[in-house]
Amino acid sequence: MTTKQPINYLEFNNPIHIVWRKGTPNDPFVDRLDITRIVNQRVALLEIPDELYRVRIANMFEINYEKYIKSSLGKNEFYCDYTNGFIYFNTEREAETVSIVYKGRGVILYPSNRIIHYDGTDSTETLYKIIEESKAQVQELIGQTANFEEVLENMIVATNLTKDATDIVLATNDKAQQYIELVKDAYETTVLIYQPYVQKQSDIAIKYPNPQVGWTVQVYDTGIRYRWNGKEWIPIDNLGGNIPNASDKYDGLMSKEHYVKVEDISVETDYRTIVFICPQEIIQGIQDPHVVFPHNGEILDIKAFVSKKGTVETLIDVELSKDFDIWSSIIDKPVSIGAGSYKDNRLHKLKTTRVKENDVFRLNVTNFDSDAYNLTLNIKIKID
């Protein structure tokens with residue numbers, strides 16, 4: 001099990017220096033994509049990440065410091081030390097290569113007491129210690145001997161030690177130059193130049209037939225961002241990829257299929273249908289029940305049916321009232337179900353189309369046939 005350390009666990013007399021960017025339009029943080037391998041459950045970023053933008057790793061979730069110190073990391077979890085630029089992973093992720101997206105705030109400059117010289121044995125010395133010991137030996141030789149020749153010989157020895165230290169410095173400078181070249185190469189191979197989005201992946205080649213290295217385009221319908229590496233468009237990020245779809249247990253994103261379903265539900269809930277049913281045989285005159293409508297809306301259609309055909313025409317008037325006392329018809333002529341028919345003839349038209357909250361509807365059968373059974377009349381209303 002890996003031993004965890006707090007964010008700041010070392011003290012330096014000669015601290016590490018960091019060259020910061022300001023994060024302003026004139027000196028912005030830089031979009032970074034570090035592709036690196038996990039070693040000892042840890043990755044060291046090339047730059048210090050911006051804590052506001054956060055670090056993003058596809059199909060993995062970031063945890064906070066409190067959870068990190070109290071429990072072990074899950075396989076799909078990681079913890080980021082935004083002070084030093086380290087990311088910690090579960091042991092099962094060892095030796096895996098990950099793509100890490102973040103905004104770089106600056107780079108770290110290491111002091112000489114952080115550079116270690118390994119001479120092939122088990123001992124190690126810092127560059128700072130080697131230089132300081134060489135200086136101390138020279139001063140000690142000058143102070144302890146009056147013999148020029150002896151001092152000279154000792155100075156030659158000290159000079160050789162200084163030359164060794166200088167060689168180490170030069171070798172360190174060579175390594176530093178190599179790292180600078182690696183940083184430069186990483187910047188050139190991971191720079192992101194954002195272009196306007198396209199609707200779907202196939203639109204990228206149509207809209208950008210002559211891309212330049214670093215051009216980055218987002219596909220709207222999937223949320224995936226693609227980058228041109230000089231040869232092909234490769235996916236580098238998925239907006240929302242770290243956030244799962246919502247479920248009955250967890251909050252999350254809504255899929256486009258769920259969005260379409262919700263839209264359909266919303267449309268259907270905009271309509272109400274008042275259903276009058278006169279069971280068994282039809283009786284002439286005012287029918288029960290009277291229906292109070294609880295919304296403001298617009299009357300769209302009236303349809304009538306019987307389950308058993310009659311031998312003469314059945315006529316039904318639809319009436320509206322605001323106070324149960326004064327009633328008026330809302331159609332230009334009664335709904336007519338002809339002899340030998342199950343449905344009305346659709347010849348009636350609406351005179352009144354608006355209905356207000358708590359308006360009352362009723363049916364008035366003006367002509368009927370005792371052979372016709374089970375009258376049903378539907379009034380379809382769109383709610384405001």
Side-chain angles (χ1 to χ4, degrees), residues 221 245-249 251-384:
D221 64 351
N245 286 337
S247 68
D248 59 347
K249 295 182 179 179
D251 292 337
L253 297 176
M254 177 184 291
S255 67
K256 59 185 180 182
E257 292 80 10
H258 288 164
Y259 175 81
V260 171
K261 183 179 293 184
V262 170
E263 281 294 295
D264 290 340
I265 293 173
S266 177
V267 171
E268 291 299 324
T269 55
D270 290 340
Y271 295 91
R272 293 288 187 276
T273 300
I274 299 175
V275 180
F276 287 95
I277 299 177
C278 300
Q280 303 303 319
E281 68 274 6
I282 301 172
I283 301 174
Q284 187 171 358
I286 303 300
Q287 307 295 309
D288 285 326
H290 293 32
V291 176
V292 178
F293 192 69
H295 306 286
N296 294 325
E298 179 184 1
I299 303 172
L300 301 179
D301 191 19
I302 298 175
K303 296 181 180 180
F305 315 86
V306 291
S307 64
K308 181 180 179 182
K309 296 182 288 186
T311 57
V312 297
E313 181 183 33
T314 300
L315 299 177
I316 311 104
D317 196 6
V318 181
E319 298 177 342
L320 181 70
S321 175
K322 299 184 181 301
D323 55 8
F324 285 89
D325 291 328
I326 301 174
W327 296 86
S328 60
S329 176
I330 65 173
I331 50 181
D332 63 341
K333 63 178 67 175
V335 178
S336 174
I337 302 176
S341 178
Y342 290 109
K343 302 178 182 179
D344 70 84
N345 57 18
R346 310 297 296 157
L347 296 179
H348 56 274
K349 296 181 180 179
L350 291 167
K351 293 193 305 182
T352 302
T353 59
R354 293 300 302 173
V355 58
K356 294 185 178 180
E357 183 179 357
N358 295 325
D359 280 356
V360 187
F361 291 87
R362 75 179 185 185
L363 300 185
N364 184 7
V365 177
T366 59
N367 191 59
F368 74 102
D369 182 0
S370 59
D371 291 335
Y373 269 70
N374 297 327
L375 170 65
T376 300
L377 186 140
N378 296 339
I379 304 175
K380 185 175 182 181
I381 301 174
K382 181 178 181 182
I383 299 175
D384 292 345

Indicate the atoms forming the closest heavy-atom contact of [X] with [Y], along with that distance.
X	Y	result
Phe361	Phe293	CE1-CB, 4.0 Å
Leu315	Pro334	CB-CB, 4.0 Å
Phe368	Val312	O-CG2, 3.8 Å
Ala339	Thr311	CB-O, 3.2 Å
Val275	Ile277	CG1-CG1, 3.9 Å
Ala372	Thr314	CB-OG1, 4.3 Å

Distance from [X] atom [atom1] to [Y] atom [atom2], nearest 0.5 Å?
X	Y	atom1	atom2	result
Glu281	Ile283	CD	CD1	5.5 Å
Leu347	Ile331	CG	CD1	11.5 Å
Asp288	Phe276	CG	CZ	10.0 Å
Ser329	Asp317	OG	CG	3.5 Å
Leu375	Ile316	CG	CD1	5.0 Å
Gln287	Asn364	CD	CG	8.0 Å

Next on the checklist: Whether the side chain of Gln284 engages the backbone of Thr366 through a donor-acceptor N/O pair (distance < 3.5 Å, no angle test) should be reported.
Outcome noted: yes
Next on the checklist: Test your reading of the model: is there a side-chain donor-acceptor pair from His295 to the backbone of Lys382, 3.5 Å cut-off?
Outcome noted: no
Item to check | Verdict with supporting geometry, Leu350 and Leu300, side chain to side chain contact (heavy atoms under 4.5 Å, CB included) | outcome: CA-CA 8 Å; Leu350 291 167; Leu300 301 179; over 6 Å; no
Checklist entry - Without hydrogens or angle criteria, can the side chains of Asn378 and Thr376 be said to hold a donor-acceptor pair below 3.5 Å? => result no
Item to check | Residue pairs fulfilling salt bridge (Lys or Arg N to Asp or Glu O under 4.0 Å) with at least one residue in residues 327-347, sequence neighbours excluded | outcome: Asp301-Arg346, Asp344-Arg346
Checklist entry - Which salt bridge (Lys or Arg N to Asp or Glu O under 4.0 Å) pairs, counting each pair once, include a residue from residues 353-365, with sequence neighbours left out? => result Glu319-Arg362, Lys322-Asp359, Arg354-Asp384
Measure the shortest side-chain to side-chain distance between [X] and [Y] over non-hydrogen atoms and say whether it is less than 4.5 angstrom.
X	Y	result
Tyr271	Lys380	yes
Ile302	His348	yes
Val318	Leu363	yes
Ile379	Ile299	yes
Ile381	Ile274	yes

Checklist entry - Where does the angle between the aromatic ring planes of Trp327 and His290 fall among parallel (under 30°), tilted (30 to 60°) and perpendicular (over 60°)? => result perpendicular
